[in-house]
Amino acid sequence: QVHLVESGGGLVQPGGSLRLSCSASGSIADSTTIFSLYPMAWYRQAPGNQRELVATIASGGSTDYADSVKGRFTISRDNAKKTVYLQMNSLISEDTAVYYCNRRPSWANWGQGTQVTVSS
């Protein structure tokens, strides 16, 4: 079983920045070596919408982004801390959502997410 805890969300004005963090623990992610092998991702879900994939980082560090965030968001990971980050810049109102991290493909367990609200 894995336990995921997301943090770093908040209310920000358009054009602002936030940095999200996600820490993993539990038997599946108990070893930093094993964690480092997992592709990890950030997802988001806006009210009334399905959860969507935002960014992915492979075990080797290569990254991929949804077109809507490309050039504005950066995903990174610190395997020693079993933590994944999402640096979000130039935020727009359409980025408002609850953000989650998980493996890619996802584990069955999801964290509580962290709310990001972009509004003036």
Please examine the side chains of [Y] and [X], heavy atoms only from C-beta on, and report whether any two atoms are closer than 4.5 Å.
X    : Y    : value
L4   : N109 : no
Y99  : Y43  : no
T63  : T56  : no
Y100 : R51  : yes
R77  : N79  : yes
V84  : F35  : yes
W107 : Q1   : no

Revision key, fill the gap. Heavy atoms of Q112 and E6 approach each other most closely as NE2-O, 2.9 Å
Exercise for review: Can you see which heavy atom on H3 is nearest to which on V5, and at what distance?
Suggested key: NE2-CG2, 3.5 Å
Review point. What pairs with S68 under side chain to side chain contact (heavy atoms under 4.5 Å, CB included), at least two apart in sequence or on another chain?
Key: R44, A66
Review point. Considering residues at least two apart in sequence or located in another chain, which fulfil the side chain to side chain contact (heavy atoms under 4.5 Å, CB included) criterion with S76?
Key: Y85
Kindly list each side-chain donor-acceptor pair under 3.5 angstrom involving residues 113-120, sequence neighbours excluded, with atom names and distances?
from : atom 1 : to   : atom 2 : distance (Å)
T114 : OG1    : G9   : N      : 2.9
Q115 : NE2    : A97  : O      : 3.4
Q115 : NE2    : T117 : OG1    : 3.3

Practice item. Applying side chain to side chain donor-acceptor pair (under 3.5 Å), run through N89 and S17 and close with a yes or a no. Key: CA-CA 4 Å; N89 299 327; S17 299; 2.9 Å; yes
Practice item. Please list all pairs passing the disulfide (SG to SG under 2.5 Å) test where one or both residues lie in residues 65-120, with sequence neighbours left out. Key: C22-C101
Point to revise | Spacing of S59 atom OG and I34 atom CD1 [to the nearest 0.5 Å] | key: 13.5 Å
Point to revise | Separation between CG of D78 and OG of S21, rounded to the nearest 0.5 Å | key: 10.0 Å
Point to revise | With sequence neighbours excluded, residues passing salt bridge (charged side-chain N to carboxylate O under 4.0 Å, His left out) with R72 | key: D95
Review point. Y65: what forms a ring pair (Phe, Tyr, Trp, His ring centres under 6.0 Å) with it, not counting sequence neighbours?
Key: none
Review point. Is there a donor-acceptor pair closer than 3.5 Å between any side-chain N or O of T96 and the backbone N or O of S93?
Key: yes
Check your understanding: With a 3.5 Å cut-off and no angle check, do the side chains of N102 and R104 form a donor-acceptor pair?
Key -> no
